[in-house]
Amino acid sequence: TDLNSSDQFAWMNGHAELAGEGIVEAMEILLCMTSGTDREASILSVRTLKALFRHVGHGCFSQTALGLLSAGAKELCRVIENEHDPDALAEMREALEEFER
């Protein structure tokens, strides 16, 4: 599922999957992984959140999905307070900047 794919089918599939019920499961997994102890999984999760956040103002998501993404941004703020890895912090801040745009 890729919201940014240049392939029309993948792009449509990504929006259909993540604009509907798929966002509930995706956010649950991403938030668990973001605050987890596996550095690589955490950074990849934050990058995925950043890609989702990039689409917040595009009308891609339902109100429920927007609420979940907003909760994701709040969780990311909480995680940042305890993060010491400079690479992870940079990724997290970039993701929040995408959400705030």
Side-chain angles (χ1 to χ4, degrees):
T1 299
D2 189 353
L3 291 171
N4 298 310
S5 176
S6 60
D7 176 272
Q8 183 69 12
F9 177 78
W11 185 84
M12 291 297 290
N13 188 46
H15 278 74
E17 178 71 23
L18 291 172
E21 291 300 314
I23 193 73
V24 175
E25 184 179 0
M27 288 302 293
E28 183 178 307
I29 293 167
L30 289 171
L31 293 178
C32 285
M33 292 175 65
T34 297
S35 58
T37 57
D38 183 329
R39 294 287 76 203
E40 185 178 352
S42 179
I43 289 174
L44 289 173
S45 296
V46 171
R47 288 179 182 162
T48 302
L49 284 172
K50 182 169 43 173
L52 292 171
F53 290 165
R54 212 173 274 139
H55 289 260
V56 166
H58 296 177
C60 302
F61 298 111
S62 67
Q63 288 295 49
T64 300
L66 290 173
L68 289 168
L69 291 166
S70 179
K74 288 177 185 173
E75 176 65 12
L76 206 49
C77 288
R78 188 192 67 72
V79 171
I80 282 175
E81 292 176 8
N82 299 315
E83 183 58 59
H84 301 291
D85 182 307
D87 294 332
L89 276 171
E91 290 286 346
M92 290 175 183
R93 289 187 177 124
E94 285 178 25
L96 285 175
E97 286 174 17
E98 285 294 339
F99 181 78
E100 293 167 356
R101 286 186 193 175

Between [X] and [Y], which heavy-atom pair has the shortest distance, and what is it?
X	Y	value
G72	M27	CA-CE, 3.8 Å
L96	A73	CD2-O, 3.5 Å
S42	T34	OG-O, 2.8 Å

TODO: Step by step, work out the side chain to side chain contact (heavy atoms under 4.5 Å, CB included) result for L52 and F61.
DONE: CA-CA 10 Å; L52 292 171; F61 298 111; 4.1 Å; yes
Identify whether [X] and [Y] are in the same connected component of the hydrophobic contact network (ILVMFWY, side-chain heavy atoms under 4.5 Å).
X	Y	answer
L31	I29	no
V79	L30	yes
I23	M33	no
V24	F53	yes

- [ ] Could you tell me whether E94 atom CD has more than 12 heavy atoms of other residues or ligands within 6.0 Å of it?
- [x] yes
- [ ] Please say whether more than 12 non-hydrogen atoms of neighbouring residues, nucleotides or ligands are located less than 6.0 Å from CD in E100.
- [x] yes
Task: Heavy-atom donor-acceptor pair, S45 side chain to A41 backbone, under 3.5 Å - done: yes
Open item on the list: Taking L44's backbone N and O only, do any of them form a donor-acceptor pair with T48's side chain (distance below 3.5 Å, no angle check)?
Closed with: yes
Side-chain atoms of residues 83-92: list all donor-acceptor pairs with protein atoms under 3.5 Å, sequence neighbours left out, distances to 0.1 Å.
unit_1, atom_1, unit_2, atom_2, d
E83, OE1, R39, NH1, 2.8
E83, OE1, R39, NH2, 3.4
E83, OE2, R39, NH1, 2.7
E83, OE2, D85, N, 2.9
D85, OD1, D87, N, 2.7
D85, OD1, A88, N, 3.0
E91, OE1, K50, NZ, 3.4
E91, OE2, R47, NE, 3.1
E91, OE2, R47, NH2, 3.2

